[in-house]
Novice: 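Below you will find the structure I want to go over with you.
Quick caveat: nothing in here was measured; it's all calculated off a predicted structure. Starting from 1, each residue takes its place in the sequence as its number.
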Amino acid sequence: MRRMLIACVVLLASACERSKEPLAVLPEFRMTSVGPQATAEFGRKDLLGKVWIVDFIFTRCAGPCPILSTRLSKLGRELPPTVSLLTVAVDSEGDTPKRLRGYAKRYEAEPGRWVFLRGTPSETYHLLYAGFRLPLSVNPSAPEELRATHSSRFVLLDRNGAIRGYYDGLSDSDNAAIARDARRLLEVGS
């Protein structure tokens, strides 16, 4: 009985994380997108009109970041090119434009489709806490590869910059679910 109750709680939590209605709308924000050759300002308005899958990494991560980036790259190959990818770098000090360019190249990020964002610590915290409602802790005195603790979730955004679901980026079944849900958003025109 106890296991069944726990399974029901987990199932309900998952159902609450994916909804036909928006869970939240991202607030206005400004950060820097790092492209292969240059940087540019990027904000909420740049999300509008596209379906996005978002993840959170730092370039010197010794934890889940390489796995998340590999999985996001795979999703990018499997999904129509009208689904865009967004990686938010969470270590403002360590995730320099040069490092992000190297990171994007390592994961074969398609320029224009897969955007890498970086910001000041306050911009990054604002976007994660107020926007995505996800935790972030950065300890500048920790070893580089352990500097940040962040969510390993993927977030699905609709064409209005609204959150439509949270998915465990390390789960095969959740990766299949976000791909399915992204395709549905393309079909309905969110």
Novice: Taking side chain as C-beta onward, heavy atoms only, is I163 less than 4.5 Å from L156?
Specialist: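 No, side chains not in contact.
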
Novice: First locate atom OG1 of T87, then atom CG of L72, and finally report the distance between them rounded to the nearest 0.5 Å.
Specialist: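 Reported to 0.5 Å precision, the distance equals 5.0 Å.
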
Novice: With a 4.5 Å cut-off on side-chain heavy-atom distances among I, L, V, M, F, W and Y, is there a chain of contacts connecting Y107 to L170?
Specialist: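 Yes; L170 is reachable from Y107 via cluster members.
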
Novice: Check L79 against A179 and note the closest heavy-atom contact, atom names and distance.
Specialist: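 So the two residues come closest at CD2-O, 3.6 Å.
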
Novice: Could you grab the distance from atom CG of L134 to atom CZ of F56, nearest 0.5 Å is fine?
Specialist: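 One gets 5.0 Å once the value is rounded to the nearest 0.5 Å.
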
Novice: Which atom pair, heavy atoms only, marks the closest approach of R101 to V34?
Specialist: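 In this case the closest contact between R101 and V34 is CG-CG1, 3.8 Å.
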
Novice: Please lay out, stage by stage, how R71 and D172 fare under the test side-chain contact (heavy atoms from CB on, under 4.5 Å).
Specialist: CA-CA 9 Å; R71 287 175 176 251; D172 291 335; 2.9 Å; yes

Novice: Are V51 and R159 packed together at the side-chain level, in the sense that at least one heavy-atom pair is separated by less than 4.5 angstrom?
Specialist: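 Yes, close enough: below the 4.5 Å cut-off.
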
Novice: Is any side-chain heavy atom of V83 closer than 4.5 Å to one of R113?
Specialist: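 Yes, close enough: below the 4.5 Å cut-off.
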
Novice: Looking at T70, V90, I57, which hits side chain to side chain contact (heavy atoms under 4.5 Å, CB included) with C65?
Specialist: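 Answer to the side chain to side chain contact (heavy atoms under 4.5 Å, CB included) test with C65 among T70, V90, I57: I57.
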
Novice: So which atom in R77 and which in S73 form the shortest heavy-atom distance, rounded to 0.1 Å?
Specialist: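 R77 and S73 have their closest heavy atoms at NH1-OG, 2.9 Å.
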
Novice: Measure the shortest side-chain to side-chain distance between F154 and L85 over non-hydrogen atoms and say whether it is less than 4.5 angstrom.
Specialist: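 Heavy-atom side-chain distance check fails, nothing below 4.5 Å.
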
Novice: Do you reckon Y167 sits in the same ILVMFWY cluster as I67, going by side-chain contacts under 4.5 Å, direct or chained?
Specialist: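 The answer is yes; both residues are in one hydrophobic cluster.
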
Novice: Rounded at 0.5 Å granularity, tell me how far CD1 in I178 sits from OH in Y166.
Specialist: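 Output value for this atom pair is 11.5 Å.
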
Novice: Under the 3.5 angstrom rule, does the side chain of R118 hit a backbone N or O of D95 as a donor-acceptor pair?
Specialist: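 Side chain of R118 to backbone of D95: a pair is present.
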
Novice: Is it true that D91 and R60 have a side-chain N and a carboxylate O under 4.0 angstrom from each other?
Specialist: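 Counted as a salt bridge, because a side-chain N and a carboxylate O are separated by less than 4.0 Å.
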
Novice: Looking at R30 and E123, is any side-chain nitrogen of the basic one under 4.0 Å from a carboxylate oxygen of the acidic one?
Specialist: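 No.
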
Novice: Flag the pair P97 / F116 as yes when at least one side-chain heavy-atom distance between them is below 4.5 Å, and no otherwise.
Specialist: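 No; the side chains remain at least 4.5 Å from each other.
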
Novice: Kindly compute the distance separating CZ (F58) from CG (L100), expressed to the nearest 0.5 Å.
Specialist: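 Separation between the atoms: 12.5 Å.
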
Novice: Are the side chains of S151 and F132 in touch, meaning some heavy atoms are under 4.5 Å apart?
Specialist: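 With C-beta onward as the side chain, the pair stays apart.
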
Novice: In Å and rounded to the nearest 0.5 Å, what is the CG to CZ distance from D46 to R44?
Specialist: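 So the gap between those two atoms works out to 11.0 Å.
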
Novice: Pick out which of L86, L117, T39 makes a side chain to side chain contact (heavy atoms under 4.5 Å, CB included) with S33.
Specialist: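 Among L86, L117, T39, the one that satisfies the side chain to side chain contact (heavy atoms under 4.5 Å, CB included) with S33 is L117.
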
Novice: Check whether any side-chain heavy atom of M31 lies under 4.5 Å from a side-chain heavy atom of T124, and answer yes or no.
Specialist: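 Contact flag for M31/T124 side chains = yes.
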
Novice: Would you say P27 and H126 make side-chain contact, with heavy atoms under 4.5 Å?
Specialist: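 Yes - at least one pair of side-chain heavy atoms lies under 4.5 Å apart.
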
Novice: Starting at CH2 of W114, measure out to CD of E108 and round the result to the nearest 0.5 Å.
Specialist: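 One finds 9.5 Å between CH2 of W114 and CD of E108.
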
Novice: Nearest heavy-atom pair of P121 and S92: which atoms, and what distance?
Specialist: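 That closest heavy-atom pairing would be N-OG, 3.2 Å.
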
Novice: Compare every heavy atom of L157 with every heavy atom of L185, then report the nearest pair and how far apart it is.
Specialist: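 Distance-wise, the nearest heavy atoms are CD1-O, 4.2 Å.
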
Novice: Any chance NZ of K74 has more than 12 other-residue heavy atoms, nucleotides or ligands included, within less than 6.0 Å?
Specialist: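 No.
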
Novice: Of the non-hydrogen atoms in P64 and C61, which two are nearest, and what is the gap between them?
Specialist: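 Closest approach of P64 to C61, heavy atoms only: N-SG, 3.9 Å.
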
Novice: As a test of understanding, state which of D158, N160, L26 forms a side chain to side chain contact (heavy atoms under 4.5 Å, CB included) with L47.
Specialist: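 Checked D158, N160, L26 against L47; only one passes side chain to side chain contact (heavy atoms under 4.5 Å, CB included): L26.
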
